[in-house]
Engineer: 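Below is the structure I would like to discuss, written out as structure tokens.
Below, read A as the first sequence line, B as the second, and so on, with proteins coming before strands; counting in each chain starts at 1.
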Protein chains: 2
Amino acid sequence: MKEQEATPERFAVTGRNRLRRRHDRGHYDHEAVYAVLDAGFMCHVAYVIDGQPYCTPTIHWREDDWLYWHGSSASRMLRNLKGGTPVCLTVSHLDGLVLARSGFNHSANYRSAICFGTARIIDDPDEKAKALLGVVDRFYPGRAVELRRTHAQESKATMVIGMRIEEASAKVRAAGVGDDEEDYGHPVWAGVIPVQTVIGTAEPCPRLLPGMGKTAGLAGYRAGRRLDEALLEAQELYESETETAEPVS
Amino acid sequence: MKEQEATPERFAVTGRNRLRRRHDRGHYDHEAVYAVLDAGFMCHVAYVIDGQPYCTPTIHWREDDWLYWHGSSASRMLRNLKGGTPVCLTVSHLDGLVLARSGFNHSANYRSAICFGTARIIDDPDEKAKALLGVVDRFYPGRAVELRRTHAQESKATMVIGMRIEEASAKVRAAGVGDDEEDYGHPVWAGVIPVQTVIGTAEPCPRLLPGMGKTAGLAGYRAGRRLDEALLEAQELYESETETAEPVS
């Protein structure tokens, strides 16, 4: 894959996000990248302080080509950087262990998205208030309005960081064992051991008010379902409600 | 938590790994950090090239206080850095979604370990050969010897990166909803939606030789089991076999 300009459907391919290895597994279109991002609850954010890299797990959410996450130790640094700081935000899903007939051909099935951008503290009050409602509704459709309203000091104590995705790539392996042709006769078990992240049985708060059932917006998080499917569905619901509320003229 | 010297059981606490927020969730002892690392198949490695942070998902494995992983785009940079480069390697597990009665008290149950060190290419032939067997046996006890032997050019084509863990911390949240006292009367469902990463039914390679069943070392990866439990068990098996083979006098 050569370097390319961005198009309305695809991120630019540059020296920063171009895949060096396994081009066949790479994707640069928004759809592929968003599918990985939206299927995940947690991400890892890499940033640099005084030359030292940090890799912080946190919760992320997406609005179009913007990513948001909750403040981390990067926050201290960001306070002093009006222009923002370069970060790399990555979401990964493990889908299977791939056991081949040689050590070299062992692998994993996975989906990952790597996003580059410039992180900024979201401190505009309206933008921040919208983000704090958005993070609830994006995961739990329609929930924000049901909650006790956010106190001013809570909003102040919450750090929201955001960045526009400048460049990104997705990488996916979803295949069986790929052995060298001459190795298929080697006498050892080979195959894929699939892995899924699944939702368990909800544990209601012991102090729940009597008769307080789960609301319709939580129906997607049913026991036994794949978490990534529930998260993708919730994002779709969130986007369709946002569109209804704020039509783009 | 103040800064502290390392002890035989605990990593040093410094400005780099000290938890800034939620000290109550933090741990610096080897046991807590290793429990998170060993329960994971994938990690995220953060490193810096020309001031730009990168966050790369990859497979990691541990030998005592050393971490190893397969080469990534960092490899190109590392070739030119004889002294190694600072990295941060993080492993995270999502254990549950925590739905509170206010947006502010929404949270997640999780386990994470953040490790700092100086990454180096493992190019000593003996150390590299040992690592390439180790990565198979660490995940699949006893499997390396069953495989087609590694060709010299495969070993050459595989980049192994290693670092001693200089500093690390683990962070764990494993609790129910923590609402403000005055919010428990708010009429909304609250609770924990647990999440687990589980093993599915193995999919044998369609070209498996007749009668080629899974070997004893793969018994831990049975369908329905939690992946983290299987990985912890495999690491224990690996360590006990390594100790038998190479007694520390």
Engineer: Do T118(B) and E166(B) have side-chain N/O donor and acceptor atoms under 3.5 Å apart?
Structural biologist: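 Side-chain D/A pair, T118(B) to E166(B): present.
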Engineer: With only heavy atoms counted, which part of T201(A) is less than 4.5 Å from chain B, the side chain, the backbone, both or neither?
Structural biologist: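 Contact with chain B is through the backbone of T201(A) alone.
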Engineer: Taking every heavy-atom pair that is under 4.5 Å apart, which of E146(A), R226(A), R16(A), M42(A) has the most such pairs with chain B?
Structural biologist: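 Of the candidates given, the most pairs with chain B belong to R16(A).
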Engineer: Is a salt bridge present between R207(B) and E181(A), judged by a nitrogen-to-oxygen distance below 4.0 Å?
Structural biologist: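 Yes, this pair counts.
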Engineer: Ring centres under 6.0 Å, that's the criterion: do W69(A) and H44(A) meet it?
Structural biologist: no
Engineer: Hey, is R148(B) close enough to D180(A) for a salt bridge, meaning N to O under 4.0 Å?
Structural biologist: yes
Engineer: Which bit of L227(A) comes within less than 4.5 Å of chain B, counting heavy atoms only: side chain, backbone, both or neither?
Structural biologist: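 Just its side chain gets close to chain B.
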Engineer: Looking at R149(B) and E154(B), is any side-chain nitrogen of the basic one under 4.0 Å from a carboxylate oxygen of the acidic one?
Structural biologist: no
Engineer: Of all of I193(A), L133(A), L209(A), which one pairs up most often with chain B through heavy atoms under 4.5 Å apart?
Structural biologist: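 The residue among I193(A), L133(A), L209(A) with the greatest pair count is L209(A).
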Engineer: Using ring centroids (six-membered ring only for Trp), state whether F116(B) and Y54(A) fall under 6.0 Å.
Structural biologist: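 Centroid distance Y54(A)-F116(B): below 6.0 Å, so yes.
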Engineer: So which part of D179(A) gets closer than 4.5 Å to some heavy atom of chain B, the side chain, the backbone, both or neither?
Structural biologist: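 Neither; nothing under 4.5 Å.
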Engineer: Pick one of side chain, backbone, both or neither for I199(A), based on which atoms fall under 4.5 Å of a heavy atom in chain B.
Structural biologist: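 Looking at I199(A), backbone and side chain both touch chain B.
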Engineer: Under 4.5 Å from any heavy atom of chain B, what part of A100(A) do you find: side chain, backbone, both or neither?
Structural biologist: backbone
Engineer: Set out, in order, the CA-CA distance, both residues' side-chain angles and the distance that settles salt bridge (charged side-chain N to carboxylate O under 4.0 Å, His left out) for R111(A) and D95(A), then state yes or no.
Structural biologist: CA-CA 8 Å; R111(A) 291 161 286 155; D95(A) 292 325; 2.8 Å; yes
Engineer: Look at T150(A), D183(A), V91(A), L218(A) and state which one has the largest set of heavy-atom pairs under 4.5 Å with chain B.
Structural biologist: D183(A)
Engineer: Take R225(A) and E233(A) through the salt bridge (charged side-chain N to carboxylate O under 4.0 Å, His left out) test and state the conclusion after the steps.
Structural biologist: CA-CA 12 Å; R225(A) 191 182 193 194; E233(A) 184 181 88; 3.0 Å; yes
Engineer: Is the distance between the ring centroids of Y140(B) and H106(A) under 6.0 Å?
Structural biologist: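 Ring centres of H106(A) and Y140(B) closer than 6.0 Å.
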Engineer: Counting only non-hydrogen atoms closer than 4.5 Å, does V177(A) touch chain B with its backbone (N, CA, C, O), its side chain (CB onward), both, or neither?
Structural biologist: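 Just its side chain gets close to chain B.
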Engineer: Measuring heavy-atom distances to chain B, does V136(A) have an atom under 4.5 Å in its side chain, in its backbone, in both, or in neither?
Structural biologist: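 Contact with chain B is through the side chain of V136(A) alone.
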Engineer: What part of A144(B) gets within 4.5 angstrom of chain A, counting heavy atoms only: side chain, backbone, both, or neither?
Structural biologist: neither
Engineer: For the candidates P194(A), A46(A), G211(A), which exhibits the highest count of non-hydrogen atom pairs separated by less than 4.5 Å from chain B?
Structural biologist: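 Heavy-atom pairs under 4.5 Å are most numerous for P194(A).
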Engineer: Relative to chain B, which segment of Y184(A) carries a heavy atom at a distance below 4.5 Å: side chain, backbone, both, or neither?
Structural biologist: both
Engineer: Heavy-atom distance under 4.5 Å to chain A: side chain of V195(B), backbone, both or neither?
Structural biologist: both
Engineer: At a heavy-atom separation under 4.5 Å, does S112(A) approach chain B through its side chain, its backbone, both, or neither?
Structural biologist: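 Only the side chain of S112(A) comes within 4.5 Å of chain B.
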Engineer: Can you say whether L89(A) sits under 4.5 Å from chain B via the side chain, the backbone, both, or neither, judging by heavy atoms?
Structural biologist: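 Neither; nothing under 4.5 Å.
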